[in-house]
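Structure first, commentary second.
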Amino acid sequence: MKDFCDSVGIPYELGSDNSGEVCSLYDVRRRFGLGTSRVTYIIDTDGIVRGAFHNEFRMRRHVQDALKTLKRISTPSQTAV
C-alpha cells in the first residue's frame, strides 16, 4: 500500500480491511454482499466522528462536503470574551 500512496502523493497512511471487520463496524456493506458503499468518515483527533458522507454518484459533492468538514474542524474555534 505504501507504493500506491507514494505514487499518487497521499501524505498519510491508508488502512486495509481484509477481514471485513471495519466495514461491519461502520456499516458500509452493500446489500447481498455486493462490495462496499462509497463512504467517507471524518474522525477528529479525539476519535469523534465529525462527518459521514455516503454518496455513490455525486462524487464532486461528496468531496466538497468532506473538505468543508475538514476545514471546519481544523480551524480553531473563536470564543467570545
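Scope of the values below: all heavy atoms of this structure, side chains included, with no hydrogens, waters or symmetry mates. Numbering starts at 1 and runs along the sequence shown.
- A search for side-chain hydrogen bond (donor to acceptor under 3.5 Å, both in side chains) contacts involving R58 returns nothing, not counting sequence neighbours.
- Taking the side chain to side chain contact (heavy atoms under 4.5 Å, CB included) definition, one finds that I43 meets it with Y26, Y41, V49, sequence neighbours left out.
- R72 approaches R50 most closely through the heavy-atom pair NH2-O, 3.7 Å.
- For D17, the salt bridge (Lys or Arg N to Asp or Glu O under 4.0 Å) criterion is met by no residue, not counting sequence neighbours.
- Residues F53 and V63 are not in side-chain contact: their nearest non-hydrogen atoms beyond the backbone lie 4.5 Å or more apart.
- Looking at residues two or more places apart in sequence or on another chain, you find no side-chain hydrogen bond (donor to acceptor under 3.5 Å, both in side chains) involving D46.
- Under the rule for a side-chain hydrogen bond (donor to acceptor under 3.5 Å, both in side chains), S24 has no partner lying at least two apart in sequence or in another chain.
- Summarising the geometry, atom CZ belonging to R61 is positioned 6.5 Å from atom NZ belonging to K68; distances are rounded to the nearest 0.5 Å.
- A single hydrophobic cluster is not seen to contain both I42 and I48; linkage of ILVMFWY side chains at heavy-atom distances under 4.5 Å, directly or through other members, places them apart.
- For D3, there are no salt bridge (Lys or Arg N to Asp or Glu O under 4.0 Å) partners two or more places apart in sequence or in a different chain.
- H62 pairs with exactly one of T40, L67, V39 by the side chain to side chain contact (heavy atoms under 4.5 Å, CB included) rule, that one being T40.
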